Amino acid sequence: MKIPPVKGTRDFYPPQMNRRNWIIDGWKSASLRNGFEEYDGPIFEHLQMYQIKSGDEIAEQLFSLKDRGGRDLAIRPEITPTLARMVNQQINTLARPIKWFSVPRLCRAERPQKGRLREFFQWNVDVIGVDDVLADAEVIFCAVDYLRQVGLTPDDIVVKISSRKMLAELLIELGLEESQLEPVYAVLDKRAKLPEDVFEKLLAEQVSDGDRREKILSLMEAESVEKISEIVEPDRKAAEAIEEMSRLFEILDRMQIGQFCKFDTSIVRGLAYYTGIVYEIHDKAGRLRAIAGGGRYDNLLKQFGGPDVSATGFGMGDSVLEILLEEKGLIGKEVEQRSIDYFIAFADSKYRDKAIETASKIRLAGMSANFSYKTAGLGKQFKEAAAQNARKVVIIGQEIEAGQLAVKDMAAGQQQTVTAEEFFRKL
RNA sequence: GUGAAAGUAGCUCAGUUGGUCAGAGCACUGGAUUGUGGAUCCAGGGGUCGGGGGUUCGAGUCCCCUCUUUCACCCCA
């Protein structure tokens, strides 16, 4: 009986596994050079953990199970709750700022589509315990640092940045009720996806007053933080939020990534827990879903039973990223290819034992080596070596009787005869 | 959860109104090639035509169901 793979999952054969490792290794080294430490948690948690933040309806979108003790568990659909739990548990012993990153494997029971699978990897970078927008700037820098390092430029991607706090203060100043904010956010979030007239109609359903709608539309079109104050005269709290945004952009400029970043009030983000700066990284053409998204979530640790500690961070999934990198031709052929330091060929089956011995010595010295399981001619063995992308081929032939080996550099095509003793000494 | 399209070898695909329709290229294995490579030539293995049911003398082809994939919607932590 043939059993198919599970819907929305991927098999990683060696070439795809090499790609996956290349992406994840890039994430990890970017995190480390930005001063973040790696952590991880279990792949499942109590189901309840995911209901605190997002409510029951989200429980339908995750994989849940009952263990033999009747406990309701869920495979993690995100790692932020685990992070909050882990940090809360040791909050009094952790030195601040807490700069942590993780590359968890996550599962969500959603319908798969382009750039969205049921199992994926997500790079998470967070700073906990710092109120200052400097922390927001630093995580944004970390994301851009990686994306730039793999070859993406400001022509390819854009970090769209806004502020929940600023938007809320301005909307309230315009006369909206607190209770209207959520539904209005939902409409504003759709702006980029909808034709203008449909968007305006949806907005009119939420905001009946024409003048207010005008102002909101102008806010959405503001190209810079400065323009905001021209549209709505900010009160003290709004001015603070605007000031914070300006400062963020100053820091991003100082960090040399200003050309990747753009003020964009249409970035609202789905769920309610963001409290300040919010941002999404998109492909410049806007054809794909977001590459990454994040923001400040100052209330989360408290919601998980911890103290009032601020936090900010982002998540970047592997699937949209891989599609974009593929489209831009930034995943080189060599990423998928295997390679090996040495391939040991033997000219006659009587030298096979010597070849096994040689390969083992090379491996013990810390280099990679293979030899053929077959006793084929040298031509075949060279083909095998080439197929494995071997850098050098060592030939064991009659010269071994005089203590010598032939070593061929496959790229250069040059071959040298050296004594076995010298060869092993130089490994 | 809703809607649309697709599914033939490991991959990309051809297969006419139902009647030599089990095929090609690439990949893989072996040989040409018993001391030298990714080329070339030859040969070979590999398929219950996604699965199940139906119509028919006869189904890869038509009908129904189902699974999977892709795309969009809902949602997007």
Side-chain angles (χ1 to χ4, degrees), chain A residues 1-11 13 15-16 45 49-55 57-62 74-84 104 106-118 120 122 124 186 189-190 193-194 268-274 278 280 287-290 292-295 297 300 303 313-317 319-320 323 333 337 343-351 372 374-400 405-415 417:
Chain A
M1 188 158 132
K2 205 159 146 188
I3 299 171
V6 174
K7 182 206 265 280
T9 62
R10 292 168 288 180
D11 291 329
Y13 288 88
Q16 290 83 12
E45 293 273 5
M49 185 146 185
Y50 303 110
Q51 294 167 322
I52 291 178
K53 194 177 95 181
S54 321
E57 69 280 4
I58 237 75
E60 289 165 18
Q61 304 217 34
L62 46 78
I75 299 175
R76 61 186 180 190
E78 57 171 331
I79 203 171
T80 311
T82 301
L83 172 66
L106 307 176
C107 293
R108 295 176 186 175
E110 295 171 304
R111 192 102 162 219
Q113 54 185 277
K114 190 172 190 180
R116 190 164 79 174
L117 299 162
R118 288 188 161 189
F120 57 97
Q122 190 185 63
N124 281 77
D189 197 37
K190 289 191 169 64
K193 275 176 100 172
L194 296 173
V268 182
R269 305 279 299 149
L271 292 196
Y273 74 94
Y274 287 108
V278 284
E280 287 177 2
R287 301 314 307 166
L288 302 172
R289 55 181 61 241
Y297 51 100
L300 195 66
Q303 277 177 32
F314 73 85
M316 180 186 296
S319 20
V320 176
I323 292 167
K333 198 83 196 129
Q337 247 172 15
F343 191 93
I344 319 304
F346 42 97
D348 188 284
S349 56
K350 72 181 172 190
Y351 297 125
S372 181
K374 292 171 291 209
T375 52
L378 270 187
K380 271 274 188 271
Q381 294 183 65
F382 264 88
K383 279 188 184 174
E384 209 173 329
Q388 293 181 21
N389 206 15
R391 280 180 270 279
K392 288 178 175 172
V393 173
V394 175
I395 301 157
I396 316 269
Q398 58 187 32
E399 61 269 51
I400 197 67
L405 302 168
V407 181
K408 182 167 184 177
D409 184 300
M410 294 294 274
Q414 284 170 346
Q415 186 169 324
T417 302

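Worth saying up front: this structure is predicted, and the values here are computed from it rather than measured. Chain letters run A, B, ... following the sequence lines, proteins first and then strands; every chain starts at 1.
- Contact check, A/Lys392 against B/U36: no side-chain N or O comes under 4.0 Å of OP1 or OP2.
- Partners of A/Asn389 by side chain to side chain donor-acceptor pair (under 3.5 Å), not counting sequence neighbours, listed by chain and number: A/Gln337.
- Within the 4.0 angstrom heavy-atom criterion, no nucleotide atom of any strand lies near A/Gly293.
- Residues that satisfy the ring-ring contact (aromatic ring centres under 6.0 Å, His included) test with A/Phe314, not counting sequence neighbours, are A/Trp123.
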Taking N or O atoms only and anything under 3.5 Å, show me the protein contacts with nucleotides 27-32 of chain B, one pair per line.
unit_1: B/G30; atom_1: OP1; unit_2: A/Lys374; atom_2: NZ; d: 3.1

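- Side-chain proximity of A/Tyr274 to the nucleotides B/A77, B/G37, B/C75 is greatest for B/A77.
- Looking at A/Arg76, its side chain never comes within 3.5 Å of a backbone N or O of A/Cys107 through a donor-acceptor pair.
- For A/Tyr297, the ring-ring contact (aromatic ring centres under 6.0 Å, His included) partners are A/Tyr273, not counting sequence neighbours.
- For A/Gln388, the side chain to side chain donor-acceptor pair (under 3.5 Å) test picks out A/Asn370, with sequence neighbours left out.
- Judged by closest nucleotide on RNA chain B, A/Ala411 is the one of A/Arg116 and A/Ala411 placed further toward the 5' end.
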Write out a two-atom table: protein N or O, nucleotide N or O from nucleotides 68-70 of chain B, distance below 3.5 Å.
unit_1: B/U69; atom_1: OP1; unit_2: A/Gly8; atom_2: N; d: 2.7

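- One interatomic measurement links the two molecules: CG of A/Leu378 to C1' of B/U36, which rounds to 6 Å at whole-angstrom precision.
- Side-chain N/O atoms of A/Arg269 include one lying less than 4.0 angstrom from OP1 or OP2 on B/A77.
- In this structure A/Arg108 satisfies the side chain to side chain donor-acceptor pair (under 3.5 Å) test with no other residue, sequence neighbours excluded.
- Taken to the nearest 0.5 Å, the NZ atom of A/Lys408 stands 13.5 Å off from the NZ atom of A/Lys392.
- Residues that satisfy the side chain to side chain donor-acceptor pair (under 3.5 Å) test with A/Arg10, not counting sequence neighbours, are A/Asp318.
- Under the Watson-Crick and G-U wobble criteria, each requiring two contacts below 3.5 Å, nucleotide B/C21 is left unpaired.
- In the interface, the side chain of A/Gln381 is not paired with the base of B/U36 through any donor and acceptor atom under 3.5 Å apart.
- A/Glu399 pairs by the salt bridge (Lys or Arg N to Asp or Glu O under 4.0 Å) definition with nothing, not counting sequence neighbours.
- In this structure, A/Glu399 reaches the bases: a heavy-atom distance under 4.0 Å links it to at least one base atom across the strands shown.
- Ranking B/A77, B/G35, B/G37 by closeness to the A/Lys408 side chain, first place goes to B/G37.
- RNA chain B is contacted by both A/Asn389 and A/Gly377; A/Gly377 maps to the nucleotide lying nearer its 5′ end (nearest heavy atom per residue).
- With both pairing distances under 3.5 Å, B/C62 is matched to B/G54 as a Watson-Crick or G-U wobble pair.
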